[in-house]
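Below, chain A is the first sequence line, B the second, and so on; all start at residue 1. Just so it is clear, the model here is predicted, and its values are computed rather than measured.
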Amino acid sequence: MAATPFTALDVHYSILYSSDTKFPVGFTFPFKLPSKRFTLVCNSSKSPPKPPPNSSTELQKQNPSLAEQLKPLSSTTLTDIPPKDQPPNTHLLTKPRSTWVNPTRPKPSVLSLQRHKRSSYSYNPRIRDLKLFARKLNECDTSEAAFKGVLEEIPHPPTRENSLLVLNNLKPWEKTILFFNWVKTQNLFPIETIFYNVTMKSLRFGRQFQLIEELAHDMIKNEVELDNITYSTIITCAKRCNLFDKAVEWFERMYKTGLMPDEVTYSAVLDVYAKLGKVEEVMSLYERGRASGWKPDAIAFSVLGKMFGEAGDYDGIRYVLQEMKALGVEPNLVVYNTLLEAMGKVAKPGLARSLFEEMVESGINPNEKTLTSLVRIYGKARWARDALQLWERMKSNGWPMDFILYNTLLSMCADLGLVDEAEGLFEDMKASEHSKPDSWSYTAMLNIYGSGRNVDKAMKLFEDISDLGVELNVMGCTCLIQCLGRAKRIDDLVRVFEFSLKKGVKPDDRLCGSLLSVLSYCEGEDLDKVLACLHQANPKLVAFIKMVEEEKTSFEMVKEEFKSILNDTSVEARRPFCNCLIDICRNKDTTERAHELLYMGTVYGLYPGLHTKTADEWRLNVRSLSVGAAHTALEEWVGTLTKMVERQEALPQLFSANTGAGTHKFSQGLPSAFALHVRKLAAPFRQSEEKAGLFVATREDLVSWVQSRSLAATA
DNA sequence: GTAGGGTTAG
């Protein structure tokens, strides 16, 4: 047991993330990939691997698959450790862990612990001339004729060393491949692996996967050895081109040819699976690597950290931190940045803050990316004090700024409603040399002015955008429309909308939501103008609004059409759509329709937790409802309760309705509107003294109110 | 000069 490389948390993950618990972790390794299933293969023999033969069928004959090699081992050396032997703090465990228990047996290795050795450089005295020559090649026309012309000027014969030096200094991939092919035709020396590797690296910059693959096949044909550097270049190029199946295919091929990946190739592949969101496979690979004696470095942990952040897996992030500590791996700047970003993804601002402090204390200075992550996290969390303190520190420490960080600061100001600070920043950007405001900056400012209801400043920005030719994007357009709608400046709204369409803005569901919400408080001519805009963005919505106005429309028809609209709408825009449509119905005095829509919204799960019940209290939660929807929900509730009182059914002691305090920047004054509606109904709900936005009524008050209403109705 | 792996915006 002493030799086991697993830590307590490993156990947790080996259970959570082993791809198939029938197979103990560390053995059978069935990847499930979109196109096919395959099994990792590697050689376990002591003899060095043979150079790659030419076809994969030959390969399989020569090298048995890993699964085949491991079969006898897996049935003899593995056992499940009884639960009592488990380390403490593994409360998440539901199954006994599986691991190696016979340390005298060799562990099957999935990666080579030895990194690929680089050939040492010898000094080339012709370096100046050759670099100058390479620069000429870089700068000349891409046509083959122009290139050939410059080639004539080569200052020294293209020996192996000279050619390599030039190849290393070529930048556009077109030039690299031309030069590579030329060197080949010169036939002065055999083209070794390093020539292919250098060329591939340049092709990777240009994302030319197909050419890289052709080169690789050329190597196979010419019996030039593919080494770890070749494979990692191919794999990362496939990854950057989003050709993940290709990346996996080449990784698989490595083992088949008997070449063991080293840690660079291995972590590149970890990243491939991480980018595919295949957490189980990554953890399985990770654990198998660890079981092979691999001590992962900061880069590998950065891959894991990013993956867990994307997966929103907080336990995963903690695991990465603890694993690094256990293995004595010091996080570097990139690891900190990745983990901070991940903390943001899982919404843990407090942990992000302490991680940042730990980083600064350890003597690592934050860069633009670090600060961008942290600023965004504080903004999203509405941690105004921390955000402003951080900003002060950035200024006094002279920490680096770039325009993404500027824009993120602006967005944070929008999130926190910091108008003056945003204006200051925006001016700084205008005055700066490298961080001029772009469409993001303008959008952030439009957001700030829009939610602060500062129409004039928002329109001034719009004029600047038109004059300066800054791109107006769909979010900026949405902010303007919200703001102009609330100010009832419908002609300006139409102008902005038409301008945006002309500039190529594609209206999305949020933009339609804004138009819908403007519709809900428009009358007369204005209504028609806004409807005309909405018609251009989403004609189906306009048809639906017309349809629900018609008295003859049946509930069945509304239901069908509403369902179809929701299906066409992105998930996050569905509730706002329903809210607005309910408001529109109420404003047109088609309250019956409003009730139908609320009913359907509830059925389709747009209002989860609208009603909550405990033995003592029933609560109506209308925080995420619009004013009209909240009124509708209250009426519906009162109707239900009335029936229950009449039938003398059991009722709790307390009734409450929660509107929220209405402090959010998008709040439409729901608490006061709700209070007004309660008064109109003369319902016995009172604003709670302890909690803003909570309206409470006792059973006795409610029952006597219901009874007096019934009496009045029958009288 | 250094043939290969990881991190920033609604």
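Here B:dG1 presents its P atom at 14 Å from CG of A:L132, a figure rounded to the nearest Å. Counting to the nearest Å, the P atom of B:dT2 and the NZ atom of A:K171 are 11 Å from each other. Rounded to whole angstrom, the span from the CD atom of A:E225 across to the P atom of B:dG4 amounts to 17 Å. Rounded to an integer number of Å, the gap from OH of A:Y336 to C1' of B:dT8 is 18 Å. In this structure, the CD1 atom of A:I377 is 11 Å from the P atom of B:dA9, given to the nearest Å. Note: CG (A:L355) to C1' (B:dT7) measures 13 Å, nearest angstrom. To the nearest angstrom, C1' of B:dG1 lies 14 Å from CZ of A:R135. Atom P of nucleotide B:dG5 and atom CG of A:N228 are separated by 12 Å, given to the nearest angstrom.
The side chain of A:V264 approaches B:dG4 more closely than any other nucleotide in the set B:dA9, B:dA3, B:dG4. When the nucleotides B:dT7, B:dA9, B:dG10 are ranked by their closest atom to the side chain of A:N407, B:dA9 comes out on top. For A:K201, counting side-chain heavy atoms from C-beta on, the closest listed nucleotide (B:dA9, B:dG4, B:dG1) is B:dG4. When each of B:dG1, B:dG6, B:dG5 is scored by its nearest atom to the side-chain atoms of A:S302, the top-ranked nucleotide is B:dG6. Across B:dG5, B:dA3, B:dA9, the shortest atom-to-atom separation from the side chain of A:H116 is found for B:dA3. Among the nucleotides B:dT7, B:dG10, B:dG5, the one closest to any side-chain atom of A:V334 is B:dT7. Here the nucleotide nearest the side chain of A:F403, chosen from B:dG4, B:dA9, B:dG10, is B:dA9. Considering only side-chain atoms of A:K369, the nucleotide from B:dT8, B:dG10, B:dG1 that sits closest is B:dT8. Each of B:dT8, B:dG10, B:dG4 was ranked by its minimum atom distance to the side chain of A:W440; first place goes to B:dG10. In this structure, of B:dT8, B:dA9, B:dG5, it is B:dG5 that holds the atom nearest to the side chain of A:E263.
A salt bridge is absent between A:E310 and A:K275; no separation between the charged side-chain nitrogens and carboxylate oxygens falls under 4.0 Å. Of the charged side-chain nitrogens involved, none lies within less than 4.0 Å of a carboxylate oxygen, so that A:D386 and A:R393 do not count as a salt-bridged pair.
No hydrogens or angles were tested; on distance alone, a donor-acceptor pair under 3.5 Å links the side chain of A:D262 to the base of B:dG4. On a pure distance criterion of 3.5 Å, no polar donor-acceptor pair joins the side chain of A:T236 and the base of B:dG5. Residue-to-nucleotide contacts include no donor-acceptor pair under 3.5 Å from the side chain of A:T265 to the base of B:dG5. For a distance-only test at 3.5 Å, the side chain of A:T372 qualifies as a donor-acceptor partner of the base of B:dT8. One can find a donor-acceptor pair under 3.5 Å joining the base of B:dG5 and the side-chain atoms of A:R115. With hydrogens and angles ignored, no donor-acceptor pair closer than 3.5 Å exists between the side chain of A:N337 and the base of B:dG6. For B:dG6, its base sits under 3.5 Å from the side chain of A:N332 at one donor and acceptor pair at least. Between the base of B:dG5 and the side chain of A:S267 there is a donor-acceptor pair shorter than 3.5 Å.
Contact annotation: A:K306 side-chain N/O to B:dT8 OP1/OP2 distance is under 4.0 Å. Within the structure, every side-chain polar atom (N or O) of A:K345 is placed at least 4.0 Å from both OP1 and OP2 of B:dA9. A close approach under 4.0 Å does occur between a side-chain nitrogen or oxygen of A:K239 and OP1 or OP2 of B:dG6. At the phosphate of B:dG1, neither OP1 nor OP2 sits under 4.0 Å from any side-chain N or O atom of A:N124. Of the side-chain N and O atoms in A:R240, one or more sit less than 4.0 angstrom from OP1 or OP2 of B:dG6.
Residue-level contact check: A:T370 touches neither bases nor backbone, having no heavy atom under 4.0 Å from any strand. Backbone-only contact: A:V198 has heavy atoms under 4.0 Å from sugar-phosphate atoms and none from a base. Using a 4.0 Å heavy-atom distance criterion, A:N169 is classed as making no nucleic acid contact. Residue-level contact check: A:S373 touches neither bases nor backbone, having no heavy atom under 4.0 Å from any strand. Within the 4.0 angstrom heavy-atom criterion, only backbone atoms of the sugar-phosphate kind lie near A:K275; the bases stay farther away. Counting non-hydrogen atoms under 4.0 angstrom, A:V335 reaches a base of the nucleic acid.
Among residues two or more places apart in sequence or in another chain, the salt bridge (charged side-chain N to carboxylate O under 4.0 Å, His left out) test is passed with A:D227 by none.
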Test side-chain hydrogen bond (donor to acceptor under 3.5 Å, both in side chains) applied to A:Y449 and A:E423, step by step: CA-CA 10 Å; A:Y449 291 143; A:E423 284 177 342; 2.5 Å; yes
Step-by-step ring pair (Phe, Tyr, Trp, His ring centres under 6.0 Å) determination, A:F499 to A:F462: CA-CA 10 Å; A:F499 175 88; A:F462 173 70; 5.1 Å; yes
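Neither side chain, A:R135 nor A:N169, offers a donor N or O lying under 3.5 Å from an acceptor on the other. Looking at A:T338 and A:S302, their side chains do bring a donor and an acceptor atom within 3.5 Å of each other.
For A:S373 (side chain) and A:L340 (main-chain N/O), no donor-acceptor pair under 3.5 Å exists by modelled atom type.
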